Amino acid sequence: MSFPLLTATAAVPAIGAIVTAAVPAARRTAAKWIALTFSLATLVLAAIALVRFEPGGDRYQLTESHAWIPDFGVKYELGVDGIGVSLMALTALLIPFVIAAGWHDADPVETKSSRWRPTQGFFALILMVEAMVILSFEATDVFLFYILFEAMLIPVYFLIGGFGDRAHAGGDEAGATQRSYAAVKFLLYNLAGGLIMLAAVIGLFVQAGTFSLTEIAAARADGTLDMSTGMERWLFLGFFVAFAIKAPLWPVHTWLPNAMGEATAPVAVLITAVVDKVGTFAMLRFCLQLFPEASKWATPVVLVLALISIVYGALLAVGQRDIKRLIAYASISHFGFIIMGIFAMTSQGQSGATLYMINHGISTAALLLVAGFLISRRGSRLISDYGGVQKVAPVLAGTFLIGGLATLSLPGLAPFVSEFLVLVGTFSRYPVIGIIATIGIVLAALYVLVLYQRTMTGPVNESVRHMPDLKLRELAVVTPLIALLLFLGVYPKPLTDIVNPAVEHTMSDVHKSDPKPEVEAAP
């Protein structure tokens, strides 16, 4: 039997979580190093999987299949296409930075609301989220995916509620209340979506007699599984609603600003750059592949919702006074672009959407982590409490600027390529939607540049006059992310070579081809 590489990639962080949690309470530093070591080992395995993946080969590679609950047709079935292996690698890449950035976030503090802050638990929960997210990108059994889709909510809930941001204007007691509210709201929204999805999963099994994604797709292709139009649409909606909440898509997005605002910056990165990608990934893997006709039927409505997310999220970001909530609303706008690219039903749009998932993860991680370093120095998330930071901490201000410019998709940085492809792919089939979506680009420039101006330029605020610049550990976190933004902005070919064949398969699933350009005949 060949080495189960995909299982190992998820098992290593899961084992790391158990080992980290078992470290004695007095050995907090040892627990941190153990968690970081396991995350780096996971990154090595993910890199091996990425190297072994053959873009021109079978659709699903490195496959594993074992009977799990045979009486109910449930299998432990794994496999990755170009989209899944890319997002798996992104997750493995970001977690070491999350751990390093949150090195002191769970250290004990002497406050009534923070009596339970075990350092070991904080890092163990991060590794557990990593294991579940990676396995969800690998799962080709619908029931296995559903279990992971729901189970990852529990560790994230505790990371928000038990290890939230200490920088709260209302004091520690008010902060504890807001953290609890944000954690419960996150859990309830996503559990509600999960329950709707469970009904659809059961309905799909009744129709197909199996949970295997590959078997269902094959049966749909050869005509042995013929769902009625009404049934397919209801099942599509059951899956899509759960994925839209996770993504998040307007109007089921409201949990994200609360969760990101109250979580520590590294946990906020974990939520928006890692966990939320499961929702958009699942739209490509499950909605379009299992329910192609229903996906085309729902496309006009989904595109309008995505367009609202783009403009609405950007407008609210412009008016924010809280740094982290501003980044949260910006992410809602960016997820609108991703979902718009997916449902544009063009190869450029879907390639751009996949690249956007990856590039948004890197750019948001860079901006959020630097914002976290800034907030930890001042002890406030309010934009008005800053000013003139670039004069006292120029390296911090410079990295903050690069992260912000990546967020507004400046040409030469990685997100520009993906946003450009999404807009081109959307415009070629839905020109009005594509034109209106460009409003999001203008608004992004506004909220990013205003944020930088108010925090980093102008007279030096007395509260930041003695603010230290980035330290070695913080530079080690930010520098590789910025280097990736620059490299992928100039040379995205390594990613597009992996992603494009998977996009071709998805386009084939929905029986769509790219619109032919209108060229005037020669006289």
Side-chain angles (χ1 to χ4, degrees), residues 86-87 89-98 101 247 256 260 265-277 280-281 309-310 313-314 317 323-339 341 351-374 396-423 440-441 443-449 451-452 456 474-475 477-492 494-496 499:
S86 299
L87 292 173
L90 171 70
T91 302
L93 171 70
L94 291 180
I95 296 302
F97 297 118
V98 167
L256 183 65
M260 286 183 62
V267 172
V269 170
L270 190 70
I271 293 169
T272 190
V274 176
V275 173
D276 287 354
K277 298 300 187 298
T280 48
F281 162 79
S309 288
I310 291 169
I323 295 174
K324 286 164 65 180
R325 288 179 70 90
L326 185 152
I327 299 172
Y329 280 110
S331 290
I332 291 170
S333 182
H334 295 150
F335 276 104
F337 276 107
I338 294 171
I339 295 170
S351 293
T354 304
L355 291 178
Y356 216 133
M357 291 186 230
I358 298 166
N359 294 331
H360 172 265
I362 300 170
S363 62
T364 300
L367 181 59
L368 256 177
L369 293 179
V370 177
F373 298 149
L374 178 69
L396 189 154
T399 54
F400 190 82
L401 178 61
I402 295 174
L405 293 176
T407 297
L408 63 81
S409 299
L410 183 77
L413 297 174
F416 169 76
V417 179
S418 44
E419 194 166 279
F420 178 78
L421 285 172
V422 166
L423 289 171
I441 301 175
L443 293 174
L446 179 61
Y447 61 69
V448 167
L449 295 178
L451 172 64
Y452 184 82
M456 301 296 166
E474 295 165 335
L475 280 171
V477 169
V478 176
T479 303
L481 296 174
I482 291 176
L484 270 175
L485 289 174
L486 292 169
F487 175 76
L488 293 176
V490 176
Y491 189 64
L495 279 180
T496 56
V499 166

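We use all heavy atoms of the structure for the numbers below, so side chains are in, but hydrogens, waters and symmetry mates are not. Just so we're clear, the structure is a prediction, and the values are computed from it rather than from any experiment.
In this structure, the side chains of Ile441 and Leu423 come closer than 4.5 Å at one or more pairs of heavy atoms. Within the 4.5 Å cutoff, the side chain of Leu367 has no heavy atoms near those of the Val448 side chain. Side-chain contact between Pro415 and Thr407 is absent, with no heavy atoms from C-beta onward closer than 4.5 Å. A heavy-atom distance below 4.5 Å is not found between the side chains of Met357 and Asp276. Two residues are said to be in side-chain contact when any heavy atoms from C-beta on lie closer than 4.5 Å; Val274 and Leu94 meet this criterion. Side chains of Leu401 and Met456 form no contact here, defined as non-hydrogen atoms less than 4.5 Å apart. Side-chain contact between Ile323 and Leu451 is present, with heavy atoms from C-beta onward closer than 4.5 Å. Residues Ile339 and Ser309 have side chains not in contact (no heavy-atom distance under 4.5 Å, counting atoms from C-beta outward).
For the pair Ala268 and Met260, the tightest heavy-atom approach, listed with the atom from each and the gap, is CB-O, 4.0 Å. Contact detail for Pro266 and Leu369: the closest heavy-atom pair is CA-CD2, 3.9 Å. Looking at every heavy atom in both residues, Leu443 comes nearest to Ala314 through CB-CB, 3.6 Å. When every heavy atom of Ala92 is checked against every heavy atom of Pro96, the shortest pair comes out as O-CD, 3.0 Å. Shown here for Pro411 and Phe416, the closest heavy-atom pair between the two residues is CA-CG, 3.6 Å. The shortest non-hydrogen separation linking Tyr447 to Ala330 is OH-CB, 3.4 Å.
Rounding to the nearest 0.5 angstrom, the gap separating the CG atom in Leu421 from the CZ atom in Phe337 is 13.0 Å. One distance of note links CG of Leu488 with OG of Ser363; it measures 11.0 Å at 0.5 Å rounding. Taking CG from Leu256 and OG1 from Thr272, the interatomic distance works out to 5.5 Å, rounded to the nearest 0.5 Å. Rounding to the nearest 0.5 Å places CG of Leu484 at 9.5 Å from CG of Asn359. Here the CG atom belonging to Leu495 is positioned 11.0 Å from the OG atom belonging to Ser351, to the nearest 0.5 angstrom. Note that CG of Leu93 and CG of Leu481 are 7.0 Å apart. Values are rounded to the nearest 0.5 Å.
Applying the side chain to side chain donor-acceptor pair (under 3.5 Å) criterion to Thr354, with sequence neighbours excluded, gives no partner residue. Annotation: ring-ring contact (aromatic ring centres under 6.0 Å, His included) contacts of Tyr329 (sequence neighbours excluded): none.
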*Starting from the C-alpha separation in whole Å, work towards a yes-or-no answer on side chain to side chain contact (heavy atoms under 4.5 Å, CB included) for Ser331 and Thr364.*
CA-CA 8 Å; Ser331 290; Thr364 300; 4.1 Å; yes
*I would like to know whether Ile95 and Leu270 meet side chain to side chain contact (heavy atoms under 4.5 Å, CB included); could you show each step before the answer?*
CA-CA 8 Å; Ile95 296 302; Leu270 190 70; 3.4 Å; yes
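In this structure, His360 has its ring center closer than 6.0 angstrom to the ring center of Phe335.
The backbone N or O of Ile310 lies less than 3.5 Å from a partner atom in the side chain of Ser333, making a donor-acceptor pair. A donor-acceptor pair under 3.5 Å links the side-chain atoms of Thr280 to the main chain of Lys277, judged by distance alone.
The residue from Val478, Val370, Leu405 that alone fulfils the side-chain contact (heavy atoms from CB on, under 4.5 Å) condition with Phe400 is Val370. Among Leu475, Ile482, Val477, the one residue that satisfies the side-chain contact (heavy atoms from CB on, under 4.5 Å) test with Thr479 is Leu475.
No more than 12 heavy-atom neighbours from other residues, nucleotides or ligands sit within 6.0 angstrom of CZ on Phe420.
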